[in-house]
Every structure is written in C-alpha cells, then in structure tokens.
Amino acid sequence: QVQLVESGGGSVQAGGSLRLSCAASGSPSSRMCMGWFRQAPGKEREEVAIIDSDVTTTYADSVKGRFTISKDNAKHTLYLQMNSLKPEDTAMYYCAAYLSRCSLSGGRVSPPGRFGYWGRGTQVTVSS
C-alpha cells in the first residue's frame with residue numbers, strides 16, 4: 001500500500017512558476033512508475049508527465065519544454081516544476097503511482113497497467 005499526498009499548488013499569474021510535490025508513504029518503492037495528471041472543471045483528466053525509476057520521462061505536448069518531472073528516491077517524493085504557466089494550466093493536479101517500473105513503447109513511458117494509487121490533488125490556478 002502506498003499513500004500519496006500532493007502539495008505546492010496555489011494561485012499565480014501567467015508566466016509564473018510553481019513546484020508541486022508528492023510525498024509517498026506506506027510501502028513506496030524506488031522502482032515505482034509515477035506520474036502527474038490534471039483535471040480542469042468540465043474536462044477529462046489528462047496525463048501531464050510520467051517518470052520511470054530510471055528517470056526516463058514522458059510529457060504531454062502541451063507542457064513539453066515548460067514542465068519538468070523529477071523524483072527524490074531517498075525522500076520518496078515526486079516533483080513537478082512548472083514554469084511559464086498559462087491560464088490553460090489551471091486545474092487540480094494529482095500524482096499517481098504504479099508499484100513497478102514503467103513500460104517503454106514508442107519512446108514514451110507508461111505504467112504496464114492502470115495507476116493504482118492516487119493522491120487527493122492540489123489546485124493550481126493561473127490568472128491572465
């Protein structure tokens with residue numbers, strides 16, 4: 001079992017930056033496939049970034065070049081550095097974990113199955 005708790009959300013003006021954190025507790029593993037997702041009101045949840053245990057990463061086209069996913073295995077913490085934020089980045093951001101390594105296909109990493117562990121989310125609001 002793994003518990004995930006996100007933090008670091010807030011309100012920022014367009015062009016600003018935020019750093020989200022996701023602390024894992026319980027029985028986390030350094031070999032977990034982890035990711036960040038977001039969901040805006042009235043929209044479906046979308047994948048933002050995925051990271052494998054060997055730090056191979058995959059990003060959504062909408063955030064590529066602006067967001068960076070990383071992890072600190074010693075602290076069991078996942079991060080999402082968000083720069084050059086846009087109003088369309090406004091959403092609830094969630095972290096998720098899969099208790100084994102990601103699969104690699106077509107140059108993109110993803111969990112072999114569905115993410116089984118989710119945090120409750122942290123709100124990011126970007127004003128124009």
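Everything numeric in this text was worked out from a predicted model, so none of it was measured. Basis for what follows: all heavy atoms, side chains included, without hydrogens, waters or symmetry-related copies.
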S.K.: Please report the C-alpha distance between L18 and L85 in whole Å, then the side-chain angles of each, then the deciding distance to 0.1 Å, and finally whether the side chain to side chain contact (heavy atoms under 4.5 Å, CB included) criterion is met.
M.R.: CA-CA 8 Å; L18 284 173; L85 282 162; 4.2 Å; yes
S.K.: L80 and A49: which non-hydrogen atoms are nearest, and at how many Å?
M.R.: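 Taking L80 first and A49 second, the nearest heavy atoms are CD1-CB, 4.5 Å.
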S.K.: Could you walk me through whether L4 and M34 satisfy the side chain to side chain contact (heavy atoms under 4.5 Å, CB included) test, starting with their C-alpha distance in whole Å, then the side-chain angles of each, then the deciding distance to 0.1 Å, before giving a yes or no?
M.R.: CA-CA 11 Å; L4 303 172; M34 299 190 74; 4.1 Å; yes
S.K.: Quick one: do I69 and L104 end up in the same hydrophobic cluster if we chain Ile, Leu, Val, Met, Phe, Trp and Tyr together by side-chain heavy atoms under 4.5 Å apart?
M.R.: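 They do not share one cluster, since no chain of ILVMFWY contacts under 4.5 Å joins I69 to L104.
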S.K.: Using the six-membered ring of W36, assess whether NZ or CZ of R19 lies under 6.0 Å from its centre and within 45 degrees of the ring axis.
M.R.: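 So R19 doesn't make the cation-pi contact.
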S.K.: Any chance you could measure C95, atom SG, to E6, atom CD, to the nearest 0.5 Å?
M.R.: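 Separation between the atoms: 4.0 Å.
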S.K.: Provide the closest heavy-atom pair for S62 versus R66 in the form atom of the first, atom of the second, distance.
M.R.: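 Reported closest heavy-atom pair: O-NH2, 2.8 Å.
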S.K.: Any chance you could measure K86, atom NZ, to S128, atom OG, to the nearest 0.5 Å?
M.R.: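 Here the rounded value is 13.5 Å.
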S.K.: Mind checking whether Y59 and V109 sit in one hydrophobic cluster, side chains of I, L, V, M, F, W, Y counted as touching below 4.5 Å?
M.R.: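 Hydrophobic grouping puts Y59 apart from V109.
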S.K.: If Ile, Leu, Val, Met, Phe, Trp and Tyr residues are connected whenever their side-chain heavy atoms lie under 4.5 Å apart, and connections chain through other members, are Y79 and F115 in the same group?
M.R.: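 No, Y79 and F115 fall in different hydrophobic clusters.
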S.K.: Could you give the distance from CD (Q1) to OG (S27), rounded to the nearest 0.5 Å?
M.R.: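 Spacing of CD (Q1) from OG (S27) equals 8.0 Å.
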S.K.: Under 3.5 Å, side chain of T122 to main-chain N/O of G9, donor-acceptor pair present?
M.R.: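 Looks like yes, one N/O pair under 3.5 Å.
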S.K.: Using the side-chain hydrogen bond (donor to acceptor under 3.5 Å, both in side chains) rule, take D72 and T77 through it: C-alpha gap first, then chi angles, then the decisive distance, then the call.
M.R.: CA-CA 5 Å; D72 185 330; T77 301; over 6 Å; no
S.K.: Assess whether a salt bridge exists between D61 and K64, defined as any Lys/Arg side-chain N lying under 4.0 Å from an Asp/Glu carboxylate O.
M.R.: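 So D61 pairs with K64 through a salt bridge.
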S.K.: Can you give me the closest heavy-atom contact between M92 and Q123, atom names plus distance?
M.R.: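 Looks like SD-N, 3.5 Å.
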S.K.: Among pairs that include at least one residue of residues 92-101, which meet side-chain hydrogen bond (donor to acceptor under 3.5 Å, both in side chains), considering only residues two or more places apart or in two chains?
M.R.: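 As it turns out, the side-chain hydrogen bond (donor to acceptor under 3.5 Å, both in side chains) pairs with a partner in residues 92-101, which skip direct neighbours, are R38-Y93, D52-R101, S53-R101, D54-R101.
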S.K.: Can you give me the closest heavy-atom contact between P112 and C102, atom names plus distance?
M.R.: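 For P112 versus C102, the nearest heavy atoms are CD-CA, 4.3 Å.
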S.K.: Just by modelled atom types, is the F67 backbone N or O under 3.5 Å from a matching donor or acceptor in the Q81 side chain?
M.R.: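 A pair under 3.5 Å: no.
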S.K.: Under 3.5 Å, side chain of T90 to main-chain N/O of E88, donor-acceptor pair present?
M.R.: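 Side chain of T90 to backbone of E88, a donor-acceptor pair under 3.5 Å: no, none is there.
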S.K.: What pair of heavy atoms forms the shortest contact from A24 to V2, and how long is it?
M.R.: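 Taking A24 first and V2 second, the nearest heavy atoms are CB-CG1, 4.2 Å.
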S.K.: Are the side chains of E47 and R108 in touch, meaning some heavy atoms are under 4.5 Å apart?
M.R.: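 Yes, their side chains come closer than 4.5 Å.
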S.K.: Rounded to the nearest 0.5 Å, how far does OG of S21 lie from NZ of K71?
M.R.: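 So the NZ of K71 and the OG of S21 are separated by 14.0 Å.
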S.K.: Membership question, hydrophobic clusters at under 4.5 Å side-chain separation (ILVMFWY): are W118 and I50 in the same one?
M.R.: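 Yes, I50 connects to W118 through the hydrophobic network.
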S.K.: Check for me, please, whether V126 and L20 land in the same ILVMFWY cluster - side-chain distances under 4.5 Å, paths through other members count.
M.R.: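 Hydrophobic grouping puts V126 with L20.
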S.K.: Heavy atoms only: give me the nearest L78-G35 pair and the separation to one decimal.
M.R.: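 Minimum heavy-atom separation between L78 and G35: CD2-O, 3.8 Å.
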S.K.: Are the side chain of S84 and the backbone N or O of G15 linked by a donor-acceptor pair below 3.5 Å?
M.R.: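 Not a single qualifying donor-acceptor pair exists.
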